[in-house]
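Working notes, beginning with the structure itself.
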Protein chains: 2
Amino acid sequence: MREKKIPLNLNCGLDLIGEVLYGKWKIRLLWFIHEGYRRPSELQRKIPDASRRVLNIQLKELEQHELVSKIIYPVAPPKVEFSLTDFGMTLIPIIAALGNWGDENEERLKNVILKR
Amino acid sequence: MREKKIPLNLNCGLDLIGEVLYGKWKIRLLWFIHEGYRRPSELQRKIPDASRRVLNIQLKELEQHELVSKIIYPVAPPKVEFSLTDFGMTLIPIIAALGNWGDENEERLKNVILKR
DNA sequence: TTGCATAGGGATAAATAATTCCCTATTGTA
DNA sequence: TACAATAGGGAATTATTTATCCCTATGCAA
């Protein structure tokens, strides 16, 4: 998310949450961090379909939005750990609900997504 | 969503729900239909920031994914009505949770989104 | 008869998002 | 010494999504 030409909509709760949660991998990042995968390389391995680059970028945005915090250990080779902030933690039940809905409807969803 | 070059990920519930809910206006469309705004022109007026075109496209995808159904009345001028399917209805509590989280954290979210 | 409301599609342009490839640096291991 | 793992940024390119503009059609009201 760099400068936008199209003005932001921040009119309602759905606009607001959209601003911080849009991004192909953000919800999964939050979820995996919550599950205890805190280092960039671990997250990378959990989400092999995403490019390293995008994960870095989206992690940085999550950090700017105060959903995760980042600790850089001054060692070599470098060590970095992410964790959910208290604020980020409040999203976990909602993300769980999203994932559950997807799991519960797996059959049907695969059908309608792929049928086209 | 036309042909994709990048393969779909349908590994977990989060992937699946992402496939049907991604799209800038889809969640809002579902919500407004749930609130009783069923005609395309009404939805348009509720979401003036979206172009007519995209709303049509996203409504069509929601229909293909069986979250909404569409009735075309054979009259002139044309009349069309959308409604949530039973399947789509099961998303409403989750969408409500998303919206509530956004509303409850309005201050903070506006801050972190705009501070940059 | 002009204009508006209805619904929606095609073509194209613009904006945004994500990928790919290549670069820096350090330490430990084969 | 060469290579892997660690973390991450720059540039360029591709993919995807959304917006803009223009078109069709019908019926009603001023």
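Remember, it's a predicted structure, so these values are computed and weren't measured experimentally. Every chain is numbered from 1 and lettered A, B, ... according to where its sequence line falls, protein lines coming before strand lines.
Neither OP1 nor OP2 of D:dG8 sits under 4.0 Å from any side-chain N or O of A:K60. Checking the phosphate oxygens (OP1, OP2) of D:dT17, no side-chain nitrogen or oxygen of B:K26 falls inside 4.0 Å. In this model, the phosphate group of D:dA5 is not approached by any side-chain N or O of A:S41 to a distance below 4.0 Å at OP1 or OP2.
For A:E42, the side chain to side chain donor-acceptor pair (under 3.5 Å) test picks out no residue, with sequence neighbours left out. Under the ring-ring contact (aromatic ring centres under 6.0 Å, His included) criterion, A:F87 pairs with B:W101, not counting sequence neighbours.
Summarising the geometry, the separation between CD on B:Q44 and C1' on C:dA5 is reported as 12 Å, rounded to the nearest angstrom. In this structure, the CZ atom of A:R52 is 11 Å from the P atom of D:dA5, given to the nearest Å. Taking atom CG of residue A:L43 and atom P of nucleotide D:dG8, one finds them 11 Å apart after rounding to whole Å. At whole-Å resolution of the value, OH in A:Y73 and P in D:dA7 are 12 Å apart.
Between B:Y22 and A:Y22, the angle of the ring planes stays under 30°, which puts this pair in the parallel group of the 30/60° scheme.
Applying a 4.0 Å cut-off to non-hydrogen atoms, the residues of residues 77-85 of chain A that approach DNA chain D are A:P77, A:P78, A:V80, listed by residue number.
Where B:R45 and B:R53 each meet DNA chain C at their nearest nucleotide, the meeting point lying more 5' is that of B:R45.
With distances taken from any side-chain atom of B:K24 to the nucleotides D:dA19, C:dA7, D:dG8, the minimum falls on D:dA19.
For A:K46 and A:Y37, the positive end sits near the middle of the six-membered ring, less than 6.0 Å away and at most 45° from its axis.
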